[in-house]
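Take a look at the structure below.
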Amino acid sequence: MRWSQYYLFTTREVPNDAEVVSHQLMIRAGMIKKLAAGIYTYLPFGWRSLAKLSAIVRRELDAAGALELQMPAIQPAELWQESGRWQRYGKELLRIKDRHDREFAFGPTHEEVITDLVRRDVKSYRQLPFNLYQIQTKFRDEIRPRFGLMRGREFIMKDAYSFDVDAAGLDKAYEAMRRAYCAIFDACRLDYSAVEADTGTIGGSASHEFMVMAGSGESAVVRCPSCGYAANVEKAETRREPAGEAHPPQELQEVATPGKKAVEEVARFLKIAPRRIVKTLIYETEKGLVAALIRGDREVNEVKLMNHLDVERLELASEEKVREATGAPVGFAGPIGLSGLRMVAEESIRHLTNWACGANKEDAHYTGVNPGRDVQLSEFADFLLVHGGDACPRCDGTLEVFRGIEVGHIFKLGDKYSKALGCTFTDEAGAELPMIMGCYGLGIGRTVAAAIEQNHDADGIIWPRPLAPFEVLLAGLNPDDAEVRRVTEGLYDQLREKGVEVFYDDRDERPGVKFKDADLIGLPVRLVVGAKSLKDGQVEVSLRRDRAKHLVAVGDAVAKVLELLHA
RNA sequence: CGGGGCGUAGCUCAGCUUGGUAGAGCGCACGGUUCGGGACCGUGAGGUCGGAGGUUCAAAUCCUCUCGCCCCGACCA
């Protein structure tokens, strides 16, 4: 491809709303253009990269036995009402009406549609199992779209859905997808890790997220360097010390703590460590108020707590609700004397003795609290937010926290949707059973953005070859020099004959501009023909990644390019 | 949803406090000199100052409303 005939316009300056590197570089390198908040046009150069990734995804999924189809982006409300998600999904679901005032949604995901499709077609165990996928534009009306393709509203995603007769079948399908995902991200040469994850709003049992490691990532994951345990912080567990404390019990005392609300303030005022305070968080759920007790120096993992309580809504209660429940303003809640609401204690306080907590009275706390004597705690659960330095739950290692970009997420759905939508089959014995489903998402645009996050320098993108829009940048300097032009054109033809994807900078630009642009767009191999070295019959070949220049004879240039390309 | 900020040339931004003929750099066009790391000189095109209403002799500037965009927060007791 000749640049002079291509639609690629690079820029030196970057719009002020581009915060992260991948977003800035994608705009500067002419890959994407914003149309509205979180909505982008994929320009030819950027689209090629997405197409490369899509091809890899197709190759690996096809190899794993999945079948590609294409479902509608617009989905009728009825299906979402049937699954219950019309109400539950929230404002992220873009709802639209047609001319007859019928309600539709622009699909953020396709569980309903695929399940509806399959329930109409498939009736017998003989037709199972199978795995169907599509690569399609989705829409999620995010509150705050940002970071370009990393958190857009309209985005391209590969979503696959497996259907099996039983859990064992699902296990196989799930494992096949997990392997396919590894093959895909390996093929893209990304530094990633598959972590255990919470199943979130999609629901289901087991789940893994594929995270590309990047400091700019929006998700925190923990990893154990010793045993390789890896999990999303929302899911991560930690090993608890089994032993209790054996301090002689102190006397229960009510002490005045005027104006001391936050754990830090109370700890300083009482001259005790925050870990010796139990904080009582009053949460509001659709099942009523809940008091959650946790050690003062730790934080609640609300996802775990929601799962434990089996609720769909969980938020800290309002000032008035707290006052109603505890009889005190916010900051003085405690378990002693608290009644009329469910009370659940975090494992971190199970063995804690002689602690402090709010007295359910303004400006007062208790000290010397001992469960059993002063308060009955009957319900314990794990809803601790794990942080770096916590003990690994699988070995005696210590967990580390990383940031990552979630590029893929696979779920074992089970019968959640097949039951809700009546997607059943008849088994060998003649029994009617719901199909056992899995679903497998992979963000196409986000993965490309993640690849850039992970592969760039101060001058621009450094494409991993599998995702590069083109493989080789051929630049002819000194455009007026007939010999330069002749040699460059010749190399262009030869490379194309070899099947190499060459992007030929034949523009009438100064060398500096061509070099800067070459660095910015970051094609893996660069071949430069300039008058100076051509006097000695040489051209320059280099890799974007290390920029080491190799001067080779014109006749050896193509071979050298091929060598570097496959290095 | 709450708070803050910003909308002025294609892009980055100045001008607004204190109302008085709309600016710079980059980019773009043309001419010339240049030509191995975003050249230089000259000339030029390009803006309903996001939109509507108001105050005023006069509004980019002050007031009200509105739309769009960006950032932060969304309560850890």
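Just so it is clear: chains get the letters A, B, ... in the order the sequence lines come, proteins before strands, and each one is counted from 1.
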When rounded to the nearest Å, what value does the distance between [atom1] atoms of [N] and [M] take?
| N | M | atom1 | answer |
| --- | --- | --- | --- |
| B/A24 | B/C49 | C1' | 16 Å |
| B/U48 | B/U43 | C1' | 28 Å |
| B/U55 | B/G42 | C1' | 46 Å |
| B/G23 | B/G46 | C1' | 13 Å |

[N] pairs with, by Watson-Crick or G-U criteria that keep both distances under 3.5 Å:
| N | value |
| --- | --- |
| B/G42 | B/C30 |
| B/C49 | none |
| B/A9 | none |

Output yes when at least one side-chain N/O atom of A/K34 is less than 4.0 Å from OP1 or OP2 of B/C11, else no. no

Original post:
Would you call the rings of A/W47 and A/Y42 parallel, tilted or perpendicular, where under 30° means parallel and over 60° means perpendicular?
Top reply: tilted

For this session: State whether the distance check finds a donor on one side and an acceptor on the other, under 3.5 Å, for side chain A/E13 versus base B/G27.
Result: no

Checklist entry - Looking at A/E489 and A/R2, does any basic side-chain N land under 4.0 Å from a carboxylate oxygen? => result yes

Between [N] ([atom2]) and [X] ([atom1]): distance, integer Å:
| X | N | atom1 | atom2 | result |
| --- | --- | --- | --- | --- |
| A/K361 | B/A77 | NZ | C1' | 18 Å |
| A/E315 | B/C76 | CD | C1' | 14 Å |
| A/R510 | B/C35 | CZ | P | 8 Å |

Ring pair (Phe, Tyr, Trp, His ring centres under 6.0 Å) test vs A/W3 passes for just one of A/F503, A/Y492, A/Y504, namely A/F503

